[in-house]
Amino acid sequence: MYDCIIVGAGPAGSHTAAKLAKMGFSVIILEEHREIGIPAHCTGIVGENVITGFNIPENLILKRIDSVRVHSPSKEKLILPTPIKPFVIDRVLFDRHLFQCATEAGADYLKSARVEDIQQKKDSVSVFYKNGKSSGSVEGKICIVAVGAMSPLSRRIGISGGNLSYGSAQLDVEIEEIEGIELFVGNEIAPGSFGYAVSTNGKIAKVGLIARGNAAGRLNSLLDSDFLKEHVVKKCTPPRFRRMPFGIVKNSVIGRILSVGDTACQVKSTTGGGVYYGMKSAEILSNTILESVVNGDFSLSSLKKYDHRWKKEIQTEISVGLFLRKFLENVNDDWWNRMPGILRSPGMKSLIEDYKEFDHHRGFILSFFKGMGPGRIMSDIMKSITGLVSGMSCRENKTFKEPHDELSVSIPEFRANI
């Protein structure tokens, strides 16, 4: 019997496995795909926090972004200051690097193992999977689900995701005149959201969008639009589709089953990026498990501290991002066309130039709305607030004493307490 079974070998799952294995727990990773990192849905844009905070090797970095251009519905281009210069990483190699870190730390693994069900017992969990035409099961003391948002497994075990559900569509293209990030806004592109083209290496870019409803059709429209039609040389990959839930899950801990990453909606509700939040939550999760063992308390109330801790860390960020999305769903193209002029104003330009945090957007969003002042926009904000309050299920979190980042203990001594 393993101490921990981890379902899913994405960044959150592999990082959790690596942390727990280094702490001395016996860990196995079940991954449904044959190759780690494939299919890749993410653009691979990450901030300095990911590169330095998780010791990411330089060979995984494709380039650093030094320009951002926003295209309004009226075809006006706005070049934004870029005080933050995010990185574009190779997501396939990145996922494989994290998986290798987990296996080198001692985690076992089983690929091509699609988990069908998880059953809880009094002191353990049974995880049932299919591997091709054969079936199997593995026993563990706890199970950590990190399967992302596409799998029905999370709903099957009672972890419902998000207050808002968006779809994303993306493909790689050969393109001309793209150097950094190009953003496309407006109701013809993606109501309440945005389309994008991100230069990755040479003349290759990832083109995609996040939208509510018909993401595939909207991607085709973006490729055929005046924004991109003359610049796209050819399509290099077929489109890849992904469901993106935004919000706060009610419970990320159900008995001896815990969730992390996209499964727990640990995703920036502004951009849809989940690498940093997922890996940060993975560290909170592994430290909470270790603390429970050290204290000899592996009860539900002890494990639930993880739910409170990660929400304390990022729930407000997610909620403010949801507010922004609700707001943008109520604006029209006239508002988007006014944005370039507003953003060129001295106050807004200074706000953007002073923005230094890639993974935390709350302060910027609130300052942006404060700078907008009264007028029609405030009416739209009130509409957004009404929709947000009716759609969200946020709650107060109790504050717990945080465990130390690293605890030096001998895990075998404490296994009997699990």
Side-chain angles (χ1 to χ4, degrees), residues 1-22 25-42 44 54 56 60 89-119 125-157 159 161 240-245 252 256-267 274-275 277-279 281-283 285-286 289:
M1 178 184 291
Y2 286 93
D3 293 326
C4 304
I5 303 169
I6 296 179
V7 184
S14 289
H15 193 54
T16 304
K19 293 286 290 185
L20 290 172
K22 287 179 181 178
F25 291 99
S26 60
V27 179
I28 185 170
I29 307 171
L30 302 182
E31 167 58 40
E32 70 169 309
H33 296 105
R34 184 176 60 185
E35 297 183 66
I36 303 299
I38 297 177
H41 298 282
C42 178
F54 303 111
I56 304 305
L60 303 185
I89 58 174
D90 187 317
R91 267 305 304 270
V92 175
L93 295 183
F94 176 74
D95 285 22
R96 290 176 180 174
H97 164 73
L98 295 176
F99 179 76
Q100 183 178 358
C101 288
T103 57
E104 289 179 351
D108 293 335
Y109 63 89
L110 184 60
K111 298 179 184 178
S112 300
R114 181 181 180 86
V115 173
E116 300 288 325
D117 194 20
I118 303 172
Q119 295 180 7
V125 292
S126 298
V127 177
F128 300 88
Y129 62 88
K130 286 188 176 180
N131 191 331
K133 294 182 179 180
S134 63
S135 300
S137 65
V138 62
E139 300 289 317
K141 295 173 183 176
I142 62 171
C143 180
I144 297 167
V145 180
V147 292
M150 297 287 285
S151 172
L153 181 63
S154 57
R155 294 187 296 276
R156 194 176 303 152
I157 61 179
I159 300 173
R240 297 175 293 276
F241 305 99
R242 174 188 174 200
R243 189 176 72 85
M244 303 183 72
S252 59
R256 288 175 174 261
I257 302 174
L258 306 94
S259 61
V260 69
D262 286 12
T263 307
C265 290
Q266 292 160 348
V267 175
V275 171
Y277 284 1
M279 293 180 69
S281 297
E283 298 197 337
L285 172 56
S286 56
I289 292 172

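Side chains are part of it too, since the values below use all heavy atoms of this structure and drop only hydrogens, waters and symmetry mates.
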Side-chain contact, heavy-atom cut-off 4.5 Å: D95 with P11?
yes

About how many Å separate CD1 of I289 and NZ of K141, when rounded to the nearest 0.5 Å?
12.5 Å

One pair to check against side-chain hydrogen bond (donor to acceptor under 3.5 Å, both in side chains): H33 and E35. What are the steps and the verdict?
CA-CA 6 Å; H33 296 105; E35 297 183 66; over 6 Å; no

Minimum-distance pair of heavy atoms, taken over all atoms of Q119 and D117
NE2-OD2, 3.3 Å

Any non-hydrogen side-chain atom of V7 less than 4.5 Å from a side-chain atom of C143?
yes

For residues I118 and L153, determine if any side-chain heavy atom of one lies less than 4.5 Å from a side-chain heavy atom of the other.
yes

By ring-ring contact (aromatic ring centres under 6.0 Å, His included), Y109 pairs with (sequence neighbours left out) F99

Closest non-hydrogen atom pair between C4 and L20, with its separation:
SG-CD1, 3.8 Å

Could you measure the distance from the SG atom of C42 to the CZ atom of R240? Nearest 0.5 Å is fine.
10.5 Å

Which atoms form the tightest heavy-atom contact between Y277 and Q266, and what is the distance?
CB-O, 3.2 Å

Minimum-distance pair of heavy atoms, taken over all atoms of S137 and Y129:
N-CE2, 3.5 Å

Within a strict 4.5 Å, meaning less than it, do heavy atoms of the F54 and H97 side chains meet?
no

Measure the spacing between CG of N131 and CZ of R114 and express it to the nearest 0.5 Å.
12.5 Å

Quick one: pull up CG in D262 and CZ in R243 and give me the separation to the nearest 0.5 Å.
10.0 Å

Would a distance-only check, ignoring hydrogens and angles, find a side-chain to backbone donor-acceptor pair under 3.5 Å from R91 to G37?
no

Rounding to 0.5 Å, atoms CD1 (I89) and CG (L60) come to a distance of 7.0 Å

Could you tell me which residues satisfy salt bridge (Lys or Arg N to Asp or Glu O under 4.0 Å) with R156, sequence neighbours excluded, listed by chain and number?
none

Side chain of S281, backbone of G278: donor and acceptor closer than 3.5 Å?
no

Strictly by modelled atom types, are S26 and D3 linked by a side-chain donor-acceptor pair under 3.5 Å?
yes

Heavy-atom closest contact (T263 atom, V147 atom, distance)
OG1-N, 3.0 Å

Apply the side-chain contact (heavy atoms from CB on, under 4.5 Å) test between I5 and each candidate in V127, I29, V27; give the one that qualifies.
V127

CG-CD distance between L110 and E32, expressed to the nearest 0.5 angstrom
12.5 Å

Closest non-hydrogen contact found for A9 with E31 is N-OE1, 2.8 Å

Is atom NZ of K111 surrounded by more than 12 heavy atoms (other residues, nucleotides or ligands) closer than 6.0 Å?
yes

